[in-house]
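Before any comments, here is the structure.
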Amino acid sequence: MTTISANLQSIHARIDKACRQAHRDSGFVALLAVSKTFGVEAVEQAHVAGQTAFGENYVQEAVVKIHALRHLALQWHCIGPIQSNKTRVVAESFDWVHTVDRIKIAQRLSDQRPANLPPLQVCIQVNVDGGPTKSGVAPDAALALATAVAAMPGLCLRGIMCIPDDTPDLIALSSVMTGAREVFVRMQLAGLAVDTLSMGMSADLETAIACGSTLVRVGSAIFGGRARGPIDPLALA
Ligand SMILES: *Cc1c(COP(=O)(O)O)cnc(C)c1O
């Protein structure tokens, strides 16, 4: 067994345990394997171990991997910030985007989504705890943005994502994650068909599941520690 497949097993065990403790069905918590900075070989190993959904932050790096692995039935999620000049390649290459936080980016992604592909699956990134410099729409503005996204033909609104600031304070973390859940529930109450609350990473997936996460994004606990910044994925393969 490879390290990656052993790591995937232990992540599934952590998810199952967290779900039992939260009295939730683990069938409602999906695992996104965050493969940023790792090469195609690492993704292939995870795929052999049964993982099909992968998250990437850096568009250029991701596109090389997506192309190299196009023979596999993988689902690719963009979880990094998106600049206007990258929307076309994102719309053409990914299945999901978790980081839509303004109408202009949403509109470009919808307009640029190729007609032969299904709509791009979208989460609105919500900034629950950060100041104005942090990515994500303010909680108060999230419902309006989600409503606009839901009406765009190239997009399919799925829910929200959040990236809480790093903190060792579990109570503070829980309150941020509960705040995200409240935004999500408000969308449901407003009649939007959302099913995805994307939150939780290697270090905090248990807290996220306790707070209602339906999708955890796990990188280092599957693939190992990373160097900072994007890499050339084929050079590492
Ligand atoms: C890198 C990253 C992750 C994975 O983080 P780990 O701590 O390695 O599990 C999850 N979500 C986002 C948005 C990321 O950028």
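Since we're looking at a predicted model, the values are computed, not measured. In listed order, ligands and their atoms are each counted from 1. Along the sequence shown, the residues carry numbers beginning at 1.
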May I ask you to check whether Trp76 and Phe54 place their ring centres under 6.0 Å from each other?
yes
For Lys36, the ligand 1 atoms whose distance to one of its heavy atoms is below 4.0 Å:
1 (C), 2 (C), 3 (C), 14 (C), 15 (O)
Quick check on contacts: which atoms of ligand 1 are under 4.0 angstrom from a heavy atom of Val218?
9 (O)
Looking only at protein heavy atoms, which one is nearest to atom 6 (P) of ligand 1, and what is the separation?
Ser202 OG, 3.5 Å
Give me the residue, atom name and distance of the protein heavy atom closest to atom 11 (N) of ligand 1.
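Sorting protein heavy atoms by distance from atom 11 (N) of ligand 1 puts Arg217 NE, 2.9 Å first.
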Within the structure, does Gly219 bring an N/O atom to less than 3.5 angstrom of an N/O atom in ligand 1?
yes
Gln45 and His47: side chain to side chain donor-acceptor pair (under 3.5 Å), yes or no, with the steps?
CA-CA 5 Å; Gln45 280 183 28; His47 174 252; over 6 Å; no
Regarding atom 3 (C) of ligand 1: of the candidates Met201, Arg226, Met161, which has the closest heavy atom?
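It is Met201 whose heavy atom sits nearest to atom 3 (C) of ligand 1.
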For atom 13 (C) of ligand 1, tell me which residue out of Ile11, Ile163, Thr37 has the closest non-hydrogen atom.
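Residue with the shortest heavy-atom distance to the ligand atom: Ile163.
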Could you walk me through whether Thr87 and Arg108 pass the side chain to side chain donor-acceptor pair (under 3.5 Å) check?
CA-CA 6 Å; Thr87 52; Arg108 290 175 67 94; 3.1 Å; yes
Looking only at side chains, do Thr52 and Gln75 share a donor and an acceptor under 3.5 Å apart?
no
Please check if the number of heavy atoms outside Lys17 that lie under 6.0 Å from its NZ is greater than 12.
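No, the 6.0 Å shell around NZ holds no more than 12 heavy atoms from other groups.
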His98 heavy atom under 4.0 Å from ligand 1:
no
Any salt bridge between Glu61 and Lys36, counting N to O under 4.0 Å?
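Salt bridge between Glu61 and Lys36, a charged N being under 4.0 Å from a carboxylate O: no.
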Residue portion contacting ligand 1 (non-hydrogen atoms closer than 4.0 Å) for Ile79
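The part of Ile79 near ligand 1 is both the backbone and the side chain.
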Heavy-atom pair with the smallest gap, counting every atom of Ala91 and Pro114
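What the structure gives for the nearest pair is O-CD, 3.4 Å.
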